[in-house]
Amino acid sequence: MVLKHLSELRQLLVDKPTRRLVLAAAQDHNSLSSALMAARDGFIEPILVGDREAIQKIASHNNLDIAGMRVVHEPDTEMAVEIAVRMVRSNQADILMKGKVGTSSLLKAVLNKEWGLRSGALLSHFAIFEVAAYHKLIAVTDVAMNIAPNLQDKIAIVNNSVACLNKLGVEMPKVAVLGAVEMVSENMQATLDAALLSKMNQRDQIRNCIIDGPLAFDNAISLESAVHKGIRSDVAGDTDLLIMPDIEVGNVLYKSLVFFAHAGVAAVILGATAPIVLTSRSDSDQAKYFSILLAAAISRQD
Ligand code: COD
């Protein structure tokens with residue numbers, strides 16, 4: 001990873017056109033204030049879809065200036081989400097962001113066959129962490145969308161993430177596929193999938209990255225641990241991207257990094273026709289702000 005700090009995402013946006021971000025069910029204090037912060041910094045132009053009265057109330061109670069901003073009044077949450085998704089689909093917006101609506105309702109709208117944002121690829125969640133104990137930013141996937149990905153899904157998850165990292169300037173990301181152990185065990189599916197992904201990478205079936213696995217978490221992030229175990233690896237200790245075996249492991253790692261290690265984070269959904277900012281209620285305003293910057297940095301530039 002060339003980037004060491006999430007604040008460097010700003011540099012990727014210098015001289016890039018302002019992206020249009022549509023906030024679905026915008027009557028949500030945290031998403032609204034982070035979107036306004038990114039707008040004030042000149043990175044995005046927000047479009048607020050939701051209950052106008054509730055949006056105005058939140059804005060005035062929290063000293064948020066929404067004067068001159070485009071507000072599309074739709075008090076019904078499901079309809080507001082549909083309007084927001086359709087705006088991205090019809091190229092009236094470049095980024096979709098979740099406001100006061102449940103994660104699965106938003107994802108279901110995105111996956112709608114008639115008016116959603118399917119691109120034909122698998123959609124996956126991608127998060128980048130700034131952890132004091134690591135020498136660069138580290139990406140983690142999938143911690144929030146695909147529940148129990150099979151090998152085919154993991155290939156798509158790697159491809160989505162590698163394409164995103166390439167856009168962030170990481171040309172040949174080092175990818176560690178995690179297991180509980182670094183030996184291939186027929187009793188542990190995660191290790192079998194990891195071994196197959198590594199071999200597929202060696203055979204150029206998965207390109208633009210260097211994959212190694214299975215690696216236990218310590219080997220992936222510490223060369224000393226890998227050497228101690230006698231592991232020869234081009235990835236160990238310098239991983240750019242960690243591939244999770246399933247959503248439970250991913251979600252626990254995500255929350256551990258944030259709550260125990262006080263990591264900063266930015267996250268988006270990849271694989272749709274546009275990036276989607278889908279942070280959860282427990283994420284800080286700063287995490288939401290950096291997620292918007294990440295989405296803007298990888299958004300199509302026309
Ligand atoms: N990418 C592309 N298409 C998908 C994906 C995906 N990741 N997931 C489902 N689809 C397509 C299917 O092919 C199908 O056509 C349609 O969508 C419905 O598929 P289902 O019935 O398997 O999926 P749903 O609608 O029941 O649920 C999809 C969700 C993404 C909502 C579901 O996977 C989910 O709830 N994921 C976990 C989200 C979550 O709760 N995260 C919590 C941590 S914040």
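Since the structure is predicted, the reported quantities are computational estimates derived from the model, not experimental observations.
A side-chain donor-acceptor contact under 3.5 Å links Asn166 to the backbone of Val170. Side-chain atoms of Glu8 come within 3.5 Å of backbone atoms of His5 as a donor-acceptor pair (strictly under, hydrogens ignored). For Ser222 (side chain) and Ser225 (main-chain N/O), a donor-acceptor pair under 3.5 Å exists by modelled atom type. Side chain of Asp285 to backbone of Ser33: no donor-acceptor contact under 3.5 angstrom is found. Of the possible polar contacts, one joining the Thr191 side chain to the Ser185 backbone as a donor-acceptor pair under 3.5 Å is found. With hydrogens and angles disregarded, a donor-acceptor distance shorter than 3.5 Å links the side chain of Lys98 to the backbone of Val101. Between the side chain of Thr239 and the backbone N or O of Ala236 there is no donor-acceptor pair closer than 3.5 Å. Between the Asp234 side chain and the Ile210 main chain, no donor and acceptor come within less than 3.5 Å of each other. Asn62 places a side-chain N or O within 3.5 Å of a backbone atom of Ile58 that can act as its donor or acceptor partner. With Asp51 contributing its side chain and Glu53 its backbone, the two residues share a donor-acceptor pair below 3.5 Å.
To the nearest 0.5 Å, atom CD1 of residue Ile243 and atom OG of residue Ser161 are 5.0 Å apart. Taking CD1 from Ile47 and CG from Leu96, the interatomic distance works out to 11.0 Å, rounded to the nearest 0.5 Å. Rounding to the nearest 0.5 Å places NZ of Lys100 at 12.0 Å from NE2 of His29. Here the NZ-CG distance, from Lys199 to Leu197, works out to 13.0 Å after rounding to the nearest 0.5 Å. Distance CZ/Phe43 to CZ/Arg10: 5.5 Å, rounded to 0.5 Å. Interatomic distance, OH of Tyr289 versus OG1 of Thr279, reported as 14.5 Å (0.5 Å rounding).
With Val81 as the fixed residue, the side-chain contact (heavy atoms from CB on, under 4.5 Å) test singles out one of Asp76, Val110, Leu106: Leu106. Of the options Ile157, Asn160, Leu165, Ile269, a side-chain contact (heavy atoms from CB on, under 4.5 Å) to Phe126 is made by Leu165 and by none of the others. Results of the side-chain contact (heavy atoms from CB on, under 4.5 Å) test with Met69 over Ile55, Leu64, Leu36 single out Leu36 as the only residue that passes.
Side chain to side chain, Ser90 and Gln92 meet the donor-acceptor criterion of an N or O pair below 3.5 Å. With hydrogens and angles left out, the side-chain atoms of Asn91 and Arg300 include a donor and acceptor closer than 3.5 Å. Inspection of the Gln189 and Asp193 side chains reveals an N or O donor paired with an N or O acceptor under 3.5 Å. Using modelled atom types, one finds no donor on one side chain facing an acceptor on the other under 3.5 Å when comparing Asp94 with Ser299. Side-chain contact, Ser233 with Asp212: a donor N or O sits under 3.5 Å from an acceptor N or O.
With a 6.0 Å radius and a threshold of 12 heavy atoms from other residues, nucleotides or ligands, Glu78 has its CD atom at or below the threshold. The environment of NE2 in His228 is sparse: at most 12 heavy-atom neighbours from other residues, nucleotides or ligands sit within 6.0 Å. The number of heavy-atom neighbours closer than 6.0 Å to CG of Asn63, taken from other residues, nucleotides and ligands shown, is 12 or below. Within 6.0 Å of CD in Gln205 there are more than 12 heavy atoms belonging to other residues, nucleotides or ligands. The environment of Lys57 atom NZ is sparse: at most 12 non-hydrogen atoms of other residues, nucleotides or ligands sit within 6.0 angstrom.
Considering only heavy atoms from C-beta on, Met97 comes within 4.5 Å of Ser31 through its side chain. Ile276 places none of its side-chain heavy atoms less than 4.5 Å from the side chain of Ile95. Annotation: side chain of Val277 is not in contact with side chain of Leu23 (no heavy-atom distance under 4.5 Å). The closest side-chain heavy-atom distance from Leu48 to Arg70 is not below 4.5 Å. No side-chain heavy atom of Val143 sits under 4.5 Å from any side-chain heavy atom of Thr141. A 4.5 Å side-chain heavy-atom check between Val235 and Val175 finds every atom pair outside the cut-off. Between Ser7 and Glu130, every side-chain heavy-atom pair lies at or beyond the 4.5 Å cut-off. In this structure the side chain of Ile206 reaches within 4.5 angstrom of the side chain of Asn159, judged on heavy atoms.
Glu82 and Arg86 are joined by a salt bridge, as a carboxylate oxygen and a charged side-chain nitrogen come within less than 4.0 angstrom of each other. Under a 4.0 Å N-O distance rule, the pair Glu182/Lys229 qualifies as a salt bridge. Lys136 and Asp238 are joined by a salt bridge, as a carboxylate oxygen and a charged side-chain nitrogen come within less than 4.0 angstrom of each other.
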Would you please test Leu107 and Leu278 for side chain to side chain contact (heavy atoms under 4.5 Å, CB included) and show each step? CA-CA 9 Å; Leu107 288 176; Leu278 189 144; 3.6 Å; yes
Determine, step by step, whether Val265 and Val258 satisfy the side chain to side chain contact (heavy atoms under 4.5 Å, CB included) criterion, reporting the C-alpha distance in whole Å, the side-chain angles of both residues, the deciding distance to 0.1 Å, and the verdict. CA-CA 8 Å; Val265 62; Val258 170; 4.2 Å; yes
Side chain to side chain contact (heavy atoms under 4.5 Å, CB included) between Glu224 and Val227: does it pass, once the steps are laid out? CA-CA 5 Å; Glu224 203 184 332; Val227 169; 5.9 Å; no
Leu242/Leu253 under side chain to side chain contact (heavy atoms under 4.5 Å, CB included): CA gap, chis, key distance, verdict: CA-CA 11 Å; Leu242 290 165; Leu253 176 63; 4.2 Å; yes
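Hydrophobic clustering (ILVMFWY, side-chain heavy atoms < 4.5 Å, transitive): Phe290 and Leu168 are in one cluster. The same ILVMFWY cluster, assembled from side-chain heavy atoms under 4.5 Å apart, contains both Leu6 and Leu293. No continuous path of hydrophobic side-chain contacts links Leu122 to Ile298 [ILVMFWY only; heavy atoms under 4.5 Å]. Ile83 and Val71 fall into different hydrophobic clusters, defined by Ile, Leu, Val, Met, Phe, Trp and Tyr side-chain heavy atoms under 4.5 Å apart, directly or through other members. If you chain together hydrophobic residues whose side chains sit under 4.5 Å apart, Leu123 and Leu270 never meet in one group.
The two residues Leu215 and Ile231 come nearest to each other via the heavy atoms CD2-CG2, 4.2 Å. Leu192 and Glu186 make their closest contact through CD1-O, 3.9 Å (heavy atoms, listed as atom of the first residue, atom of the second, distance). Considering every non-hydrogen atom in both Arg118 and Leu111, the closest pair reads NE-O, 2.6 Å. Considering every non-hydrogen atom in both Asn208 and Val162, the closest pair reads O-CG1, 3.4 Å. Considering every non-hydrogen atom in both Asp246 and Ala148, the closest pair reads CB-CA, 4.5 Å. Smallest separation of non-hydrogen atoms from Ala190 and Lys154: CA-NZ, 4.4 Å.
Note on ring orientation: taking the six-membered ring where Trp is involved, the planes of Phe129 and Tyr254 are perpendicular (angle over 60°, cut-offs 30° and 60°).
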